[in-house]
Novice: 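Let me begin by handing over the structure; questions about it come next.
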Amino acid sequence: MNADHFERRDDRPGGGRRNGHGRSGSGRDDHGGRRRPGGQDDRRDARGRQRPAARVRGERSTSRQAPGQRAKRTDPARTAAFDVLREVDESDAYANLVLPPLLADRRIRGRDAGFATELTYGTLRMRGRYDAVLAECVDRPLDDLDAGVLDVLRLGAHQLLGMRVPSHAAVSETVALARTNVGAGPAQFVNAVLRRVSEVSLPEWLERIEAGAPDRLTGLATVQSHPLWVVRSLREALAGHGRDPGEIGDLLAADNEPPRVTLVARPGLVDVSDDDAWHDADLVPGRWAPTALVLDGSDPGVVPAVRDGRAGVQDEGSQLVTLALAAVPLDGRGAGGPARNEAPQARATDSGGPVSEPEPSTSGPERWLDLCAGPGGKAALLAALAAQRGATLVANEVQPHRARLVRRALDAVPDGVVEEVRTGDGRETGTDEPGAYDRVLVDAPCTGLGALRRRPESRWRRTPADLATLTGLQRELLASALDAVRPGGVVAYVTCSPVLAETQLVVTDVLRRRDDVERLDTPAVVRSVLRTEPDGTRPDLPLTGGAGARDDVQLWPHVHGTDAMHLTLLRKH
């Protein structure tokens with residue numbers, strides 16, 4: 001391909017003479033552009049689809065394809081992916097909450113369901129990269145395109161550059177998708193753009209993107225499909241948590257890898273050796289947590305233990321931080337008890353691995369609190385552990401619809417363990433119930449930049465402005481938790497983000513205002529809850545904490561294969 005291929009006037013989709021601002025002379029055409037405010041309504045048919053310009057003028061539109069060559073309808077998998085992208089864009093929905101029920105409702109199963117899943121998540125993950133490619137193939141800013149047309153183009157780009165779909169099939173099926181969902185005129189535009197995309201290999205596209213970037217970090221952000229501010233925040237987090245900031249490329253690449261489906265076998269509720277509970281699912285032990293099982297090649301929804309709540313889908317990092325809170329020895333009932341940094345002892349669980357268990361209290365059952373419990377994964381694991389200890393759990397959630405999810409997650413927990421699932425503002429708990437709990441989990445609302453593998457749309461939805469609002473909330477929730485825990489009790493501050501403003505700085509700022517709290521050796525506690533290997537050893541969990549180093553724990557996708565969970569354990573005097 002000639003170097004000036006994309007600069008020739010008539011070779012670009014929607015061509016025509018370009019003005020000095022790099023846009024077509026008319027500013028709009030009938031091939032994917034948005035209508036002007038107060039524009040021509042007759043360009044849409046009765047179903048709201050855009051009609052080709054020739055038909056608007058009363059002429060008969062024609063195609064270079066013979067009628068028999070045109071796909072009249074696209075396949076269900078691609079349609080499902082398109083519908084999810086539109087829902088994510090229009091309703092701020094999360095794809096992992098929209099796609100599974102949509103596939104079930106439309107009875108899309110097996111290979112088609114797998115194709116739809118990869119197409120949806122892959123397109124969301126790599127949107128930044130594909131937008132950079134598409135920008136080279138379109139003669140106007142992508143923001144000027146109809147949102148539905150742009151989503152179709154992104155889906156086509158992912159099939160061409162990120163999946164093993166033959167080019168002719170990727171183009172023709174995506175054109176059919178466009179014709180069905182956004183109209184015949186935009187479908188012609190989609191056809192032309194995707195043919196341009198298909199003429200260049202992925203390595204060559206990436207080379208062009210990096211060469212055209214103003215600096216190395218911007219090029220890396222575009223190639224690895226992360227907003228630049230996110231890349232800068234993650235690089236700063238690596239350094240702040242004691243890692244080499246040069247690992248940023250590996251971290252971004254790990255964010256773009258589809259995560260393994262990891263299950264939690266809730267202790268006391270399910271035994272890993274119970275064949276009826278797992279329905280012959282292909283399971284292997286997790287890498288770190290004794291409760292973790294990796295599911296390979298199956299839909300977790302068909303696993304009986306998952307359906308009835310004895311097990312659940314939960315990242316291994318989330319399991320570790322929950323197990324760690326339950327493992328910390330309490331400091332008597334305010335005096336004496338184990339010394340700071342003393343590691344708890346471990347015992348075997350029904351799922352075959354060790355879970356650390358302090359000595360039971362002689363002063364009555366412990367009361368535990370999950371301050372921000374929705375959607376309920378950590379609450380369910382805490383409740384299972386509480387049931388084994390004779391403890392009780394209160395689950396608090398500010399959003400009613402998320403509180404309903406928590407109740408559902410706790411269905412399998414024995415009666416009497418869960419005191420209540422309530423809807424309330426966690427910032428008020430410390431004032432309303434001072435010193436009422438032995439253990440408090442603060443799984444604080446955050447940017448979610450540590451879980452971009454699972455929620456790829458978060459990287460495009462969050463902005464730097466979100467940090468100011470979230471960090472203020474995080475400080476208030478942590479302060480409330482410290483008021484709600486009794487002297488000698490333990491608070492776990494958890495975020496699914498490694499960003500320093502949401503982790504270290506929150507804890508430091510809250511503790512600066514108090515003299516009744518100490519930090520615990522979180523790395524020692526986390527190491528104490530790791531699974532036991534068949535030879536009696538435990539895996540070597542690489543952490544930057546320990547004696548003379550950090551006293552919190554930060555997990556990383558590229559190092560630990562988990563979400564980037566942060567944990568700080570605190571004891572109140």
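Along the sequence shown, residues carry numbers from 1. Atom set for the values below is all heavy atoms of this structure, side chains included, hydrogens, waters and symmetry mates excluded.
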Novice: Can you check whether Arg486 reaches Leu330 side chain to side chain, under 4.5 Å on heavy atoms?
Specialist: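 Side chain of Arg486 against side chain of Leu330, heavy atoms only: contact under 4.5 Å found.
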
Novice: Before giving the answer on side chain to side chain contact (heavy atoms under 4.5 Å, CB included), spell out for Val506 and Tyr493 the whole-Å C-alpha distance, their side-chain angles and the decisive distance to 0.1 Å.
Specialist: CA-CA 10 Å; Val506 168; Tyr493 177 73; 3.5 Å; yes

Novice: Side chain to side chain donor-acceptor pair (under 3.5 Å) with Arg243: which residues, sequence neighbours excluded?
Specialist: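 Arg243: side chain to side chain donor-acceptor pair (under 3.5 Å) contacts with Glu247.
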
Novice: Between Arg125 and Glu457, does the salt bridge (Lys or Arg N to Asp or Glu O under 4.0 Å) criterion hold? Intermediate values first, please.
Specialist: CA-CA 7 Å; Arg125 284 189 193 99; Glu457 61 272 30; over 6 Å; no

Novice: Does anything in residues 400-414 pair up under salt bridge (charged side-chain N to carboxylate O under 4.0 Å, His left out), and if so which pairs, sequence neighbours excluded?
Specialist: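 Applying salt bridge (charged side-chain N to carboxylate O under 4.0 Å, His left out) to every pair that reaches into residues 400-414, excluding sequence neighbours, yields Glu397-Arg402.
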
Novice: What residues, two or more places apart in sequence or in another chain, satisfy side chain to side chain donor-acceptor pair (under 3.5 Å) together with Arg427?
Specialist: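 Only Asp425 meet the side chain to side chain donor-acceptor pair (under 3.5 Å) criterion with Arg427.
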
Novice: Using every non-hydrogen atom in the two residues, find where Ala481 and Val440 come nearest and quote the distance to one decimal.
Specialist: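 In this case the closest contact between Ala481 and Val440 is CB-CG1, 3.7 Å.
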
Novice: Is it the case that the side chain of Thr471 and the backbone of Leu467 share a donor-acceptor pair, with hydrogens and angles ignored and the cut-off at 3.5 Å?
Specialist: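 A pair under 3.5 Å: yes.
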
Novice: Would you say the side chain of Thr392 lies within less than 4.5 Å of the side chain of Trp368, judging by non-hydrogen atoms?
Specialist: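 When only atoms from C-beta onward are counted, Thr392 and Trp368 do not touch, as no gap falls below 4.5 Å.
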
Novice: Closest approach of Pro267 and Leu381, non-hydrogen atoms and distance?
Specialist: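 Looking at all heavy atoms of both residues, the shortest contact is CD-CD1, 3.6 Å.
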
Novice: Nearest 0.5 Å please: distance from the CG atom of Asp551 over to the OG1 atom of Thr568.
Specialist: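 Reported value, rounded in 0.5 Å steps: 7.0 Å.
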
Novice: Minimum heavy-atom separation for Arg531 and Pro285, please, with both atom names.
Specialist: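 Reported closest heavy-atom pair: NH2-CB, 3.4 Å.
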
Novice: Do Pro300 and Leu263 come within less than 4.5 Å of each other through their side chains, counting heavy atoms only?
Specialist: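 Heavy-atom side-chain distance check passes, below 4.5 Å.
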
Novice: For Phe82, check ring pair (Phe, Tyr, Trp, His ring centres under 6.0 Å) against everything at least two apart and list the hits.
Specialist: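 Not a single residue meets the ring pair (Phe, Tyr, Trp, His ring centres under 6.0 Å) criterion with Phe82.
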
Novice: Is the shortest side-chain heavy-atom distance between Val490 and Leu570 below 4.5 Å?
Specialist: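 Val490 vs Leu570: side chains apart.
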
Novice: His566 vs His241 aromatic rings, parallel, tilted or perpendicular, using cut-offs 30° and 60°?
Specialist: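 Rings of His566 and His241: tilted, as their planes differ by 30° to 60°.
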
Novice: Less than 4.5 Å apart, side chain to side chain, heavy atoms only: is that true for Leu323 and Pro290?
Specialist: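 Leu323 vs Pro290: side chains touch.
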
Novice: Indicate yes or no: does Asp151 engage Arg154 in a salt bridge with an N to O separation below 4.0 Å.
Specialist: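 Here Asp151 pairs with Arg154 in a salt bridge, since their nearest N and O are under 4.0 Å apart.
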
Novice: Looking at Glu476, is its backbone amide N or carbonyl O close enough to the side chain of Ser480 to form a donor-acceptor pair, meaning the two atoms are under 3.5 Å apart?
Specialist: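 Not a single qualifying donor-acceptor pair exists.
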
Novice: Quick one: pull up CG in Leu103 and OG1 in Thr120 and give me the separation to the nearest 0.5 Å.
Specialist: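 Between atom CG of Leu103 and atom OG1 of Thr120 there are 7.5 Å.
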
Novice: Quick one: side chain to side chain contact (heavy atoms under 4.5 Å, CB included) partners of Pro101, sequence neighbours excluded?
Specialist: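 By the side chain to side chain contact (heavy atoms under 4.5 Å, CB included) rule, Pro101 matches no residue at all.
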
Novice: Yes or no on side chain to side chain contact (heavy atoms under 4.5 Å, CB included) for Leu477 and Cys372, after CA distance, side-chain angles and deciding distance?
Specialist: CA-CA 9 Å; Leu477 288 168; Cys372 312; 3.8 Å; yes

Novice: With sequence neighbours left out, write down each residue that passes side chain to side chain contact (heavy atoms under 4.5 Å, CB included) with Pro542, or none if nothing qualifies.
Specialist: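 So Pro542 forms a side chain to side chain contact (heavy atoms under 4.5 Å, CB included) with Trp288, Val559, His560.
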
Novice: Kindly indicate, with the supporting measurements, whether the criterion salt bridge (Lys or Arg N to Asp or Glu O under 4.0 Å) is fulfilled by Asp315 and Arg453.
Specialist: CA-CA 11 Å; Asp315 178 72; Arg453 304 177 307 158; 3.3 Å; yes

Novice: Hydrogens and angles aside, do Thr562 and Glu316 bring a side-chain donor and acceptor to less than 3.5 Å of each other?
Specialist: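 No.
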
Novice: So, taking the atom named CG in Leu478 and the one named CD in Gln474, what distance separates them when rounded to the nearest 0.5 Å?
Specialist: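 With rounding to 0.5 Å, CG (Leu478) is 9.5 Å from CD (Gln474).
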
Novice: To the nearest 0.5 Å, how far apart are OG in Ser225 and CG in Asp255?
Specialist: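 The distance works out to 10.0 Å.
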
Novice: Restricting to non-hydrogen atoms, name the atom on Val270 and the atom on Ala277 that form the minimum distance, rounded to 0.1 Å.
Specialist: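 Minimum heavy-atom contact is CG2-CB, 3.7 Å.
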
Novice: Can you tell me how far SG of Cys446 sits from CD of Glu502, rounded to the nearest 0.5 angstrom?
Specialist: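 It is 5.0 Å, given to the nearest 0.5 Å.
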
Novice: Indicate yes or no for a side-chain donor-acceptor contact from Arg459 to the backbone of Pro456 under 3.5 Å, with no hydrogens or angles considered.
Specialist: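 Pair found, side chain donor or acceptor close to backbone of Pro456.
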
Novice: Per the salt bridge (charged side-chain N to carboxylate O under 4.0 Å, His left out) rule, what does the pair list look like for residues 368-380, sequence neighbours excluded?
Specialist: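 For residues 368-380, and leaving out neighbouring residues, the salt bridge (charged side-chain N to carboxylate O under 4.0 Å, His left out) pairs sorted by first residue read Lys378-Asp443.
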
Novice: With a 4.5 Å limit on heavy-atom distance, are the side chains of Ser528 and Arg538 in contact?
Specialist: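 In contact.
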
Novice: Mind checking the CG-CZ spacing from Leu452 to Arg455? Nearest 0.5 Å is all I need.
Specialist: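 Rounded to the nearest 0.5 Å, the CG-CZ separation comes to 11.0 Å.
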
Novice: Less than 4.0 Å between a side-chain N and a carboxylate O, is that true for Glu366 and Arg389?
Specialist: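 No, this pair does not count.
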
Novice: Do any N or O atoms from the side chain of Arg439 and from the backbone of Val328 form a donor-acceptor pair under 3.5 angstrom?
Specialist: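 Answer holds: yes.
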
Novice: Please check if the number of heavy atoms outside Arg454 that lie under 6.0 Å from its CZ is greater than 12.
Specialist: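 Count over threshold, so yes.
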
Novice: Test Met565 against Val494 for side chain to side chain contact (heavy atoms under 4.5 Å, CB included), laying out the working first.
Specialist: CA-CA 7 Å; Met565 302 296 299; Val494 173; 3.5 Å; yes

Novice: Could you check whether any side-chain heavy atom of Leu217 comes within less than 4.5 Å of a side-chain heavy atom of Leu228, counting everything from C-beta outward?
Specialist: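 Yes. Closest side-chain heavy atoms under 4.5 Å.
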
Novice: With the side chain counted from C-beta on, respond yes when Leu441 and Leu382 share a heavy-atom pair under 4.5 Å apart, and no when they do not.
Specialist: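 A side-chain contact exists here, since the closest heavy-atom pair is under 4.5 Å.
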
Novice: Can you give me the closest heavy-atom contact between Ala492 and Leu569, atom names plus distance?
Specialist: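 Looking at all heavy atoms of both residues, the shortest contact is CB-CD2, 3.7 Å.
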
Novice: Using the rule given for side chain to side chain contact (heavy atoms under 4.5 Å, CB included), can you reason through Leu470 versus Arg462, listing the C-alpha separation, both sets of side-chain angles and the distance that settles it, and then say yes or no?
Specialist: CA-CA 11 Å; Leu470 288 168; Arg462 291 298 188 186; 4.0 Å; yes

Novice: By side chain to side chain donor-acceptor pair (under 3.5 Å), which residues pair with Asp509, not counting sequence neighbours?
Specialist: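 Side chain to side chain donor-acceptor pair (under 3.5 Å) check on Asp509 returns Arg475, Arg512, Arg513.
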
Novice: Going by side chain to side chain donor-acceptor pair (under 3.5 Å), name the residues that satisfy it together with Tyr130, two or more places apart in sequence or in a different chain.
Specialist: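 Side chain to side chain donor-acceptor pair (under 3.5 Å) check on Tyr130 returns His158.
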
Novice: Show which side-chain atoms of residues 92-99 pair as donor or acceptor with protein atoms under 3.5 Å away, not counting sequence neighbours.
Specialist:
none

Novice: So, using side chain to side chain contact (heavy atoms under 4.5 Å, CB included) as the criterion, who are the partners of Arg422 when residues are at least two apart?
Specialist: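 Applying side chain to side chain contact (heavy atoms under 4.5 Å, CB included) to Arg422 gives Leu369, Val394, Asn396, Glu420, Thr429, Glu433, Tyr437.
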
Novice: Which residues pass the side chain to side chain contact (heavy atoms under 4.5 Å, CB included) test with Gln224, not counting sequence neighbours?
Specialist: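 Result, side chain to side chain contact (heavy atoms under 4.5 Å, CB included) vs Gln224: Arg129, Leu220, His226, Leu252, Ala253, Asn256.
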
Novice: Can we say Lys572 and Glu518 salt-bridge, meaning some charged N sits less than 4.0 Å from an Asp/Glu carboxylate O?
Specialist: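 A salt bridge is absent here (no side-chain N lies under 4.0 Å from a carboxylate O).
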
Novice: Grab the two heavy atoms, one from Ala383 and one from Val418, that are nearest each other, plus how far apart they are.
Specialist: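 Smallest interatomic distance, heavy atoms only, reads CB-CG2, 4.3 Å.
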
